[in-house]
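Every number for a ligand or one of its atoms is a count from 1 in the order of the listing. Numbering of residues begins at 1 and proceeds along the displayed sequence. Side-chain atoms are counted along with the backbone in the values below, which use heavy atoms only and exclude waters and symmetry mates.
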Amino acid sequence: MMRQKTRLILALDETEVQKALSVAQAVKDQVDAIKINWPLVLSAGPSVITQLSHLAPVICDFKVADIPNTNRLITEQTVKRGASGIIVQGFVGHDSVKAVVQAAGKADVFVVTEMSHPGGKDFTAPVADRLAMMALEQGARGVIAPATRPERVRAIRKLVGDLLILSPGVGAQGGSAADAIRHGANYVIVGRSIYEDKDPKTAAQRIVAEIGDAL
Ligand code: 3DU
């Protein structure tokens, strides 16, 4: 179960390992989870999952997108390393998502809907509602929806009921944390605006305050 204290998730895409660890240490009390992606895992090695899990719950944003068997194997290895959550692409279909949900055990599974960047409109936006419904049907814990298009967060909230909505695209990509929360996101995911700041802790505190005001 995700903690829900600040509703801020750090996206730690810093590839200089010592810097990444020092940012994680500095902001661990400001965030409900640390999301890591291929840049840090490829730079630091998969043991970074375990290392970070001692500071905060870790969500592995591996955007898993394969046949069910491969998805299952990836999920098992991810959870074994100490991840509390894993992010999967939904466009591969219901059985591939189901395989992740089954292999994840107690870990949370999040399905990507419409992506936050301009190209997200090319292919993901037209099927985002179906992806969200499928996440619900397959027993995912939540979905990823774009803070860059808060009206889409609202639309997806109407479809997914109580599922968690995690919203990336705040700050560097132009979205606002307060807007995402007001439109129905449970958490905002923020990367560069925190780890590239000269004072990551203060940057995180600022966003936490903004979220608090929006609730
Ligand atoms: O733009 P930022 O630096 O705040 O990082 C956003 C993170 O969220 C980054 O890890 C990216 O891979 C992830 N993400 C999106 O930005 C947009 C999506 O639709 C899904 C994930």
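Nearest to atom 5 (O) of ligand 1 by heavy-atom distance, out of Ser193, Gly191, Ser116, is Gly191.
Contact between Glu114 and Pro146 at its shortest, heavy atoms only, is O-CD, 3.3 Å. Smallest separation of non-hydrogen atoms from Ile211 and Ala177: CG1-CB, 4.2 Å. Minimum interatomic distance between Arg3 and Tyr187 (heavy atoms only, all atoms of both residues): O-OH, 2.8 Å.
Side-chain contact annotation: Ser116 with Gln173, donor-acceptor N/O pair under 3.5 Å present.
Electrostatic pairing of Asp179 and Arg149 does not count as a salt bridge here, judged by no charged N lying under 4.0 Å from a carboxylate O. Contact check on Arg157 versus Asp162 returns no salt bridge, with no Lys/Arg side-chain nitrogen under 4.0 Å from an Asp/Glu carboxylate oxygen. The pair Glu210-Arg206 does not count as a salt bridge, with every side-chain nitrogen at least 4.0 angstrom from each carboxylate oxygen.
Regarding atom 13 (C) of ligand 1, its nearest protein heavy-atom neighbour is Lys35 NZ, 3.6 Å. Nearest protein heavy-atom neighbour of atom 6 (C) of ligand 1: Gln173 NE2, 3.7 Å.
Of all the atoms in ligand 1, the ones that sit under 4.0 Å from a non-hydrogen atom of Arg192 are 1 (O), 2 (P), 3 (O), 4 (O). Listed by atom number, the atoms of ligand 1 under 4.0 Å from Ala11 heavy atoms are 7 (C), 10 (O). Taking a cut-off of under 4.0 Å to the non-hydrogen atoms of Met115, the atoms of ligand 1 that pass are 18 (C), 19 (O), 20 (C). Atom numbering of ligand 1 starts at 1 in the shown order; those under 4.0 Å from a heavy atom of Pro168 are 8 (O), 14 (N), 15 (C), 16 (O), 17 (C), 18 (C), 20 (C), 21 (C). Close contacts between ligand 1 and Asp13 involve ligand atoms 9 (C), 10 (O) [criterion: under 4.0 Å to a heavy atom]. The distance from ligand 1 to the heavy atoms of Asn37 drops below 4.0 Å at these ligand atoms: 10 (O), 12 (O).
With a 4.0 Å cut-off on non-hydrogen atoms, Ile87 does not touch ligand 1 at all.
Within the 4.0 Å heavy-atom cutoff, Lys63 counts among the residues contacting ligand 1. A heavy-atom separation below 4.0 Å is found between Asp61 and ligand 1.
Looking only at distances, a side-chain donor or acceptor of Asn71 sits under 3.5 Å from a matching main-chain atom of Asp66.
Inclusion of Gly169 in the set of residues having an N or O under 3.5 Å from an N or O of ligand 1 is not warranted.
Each of Val58, Asp61, Val100 was checked for a side-chain contact (heavy atoms from CB on, under 4.5 Å) with Ile86, and the lone residue meeting it is Val100.
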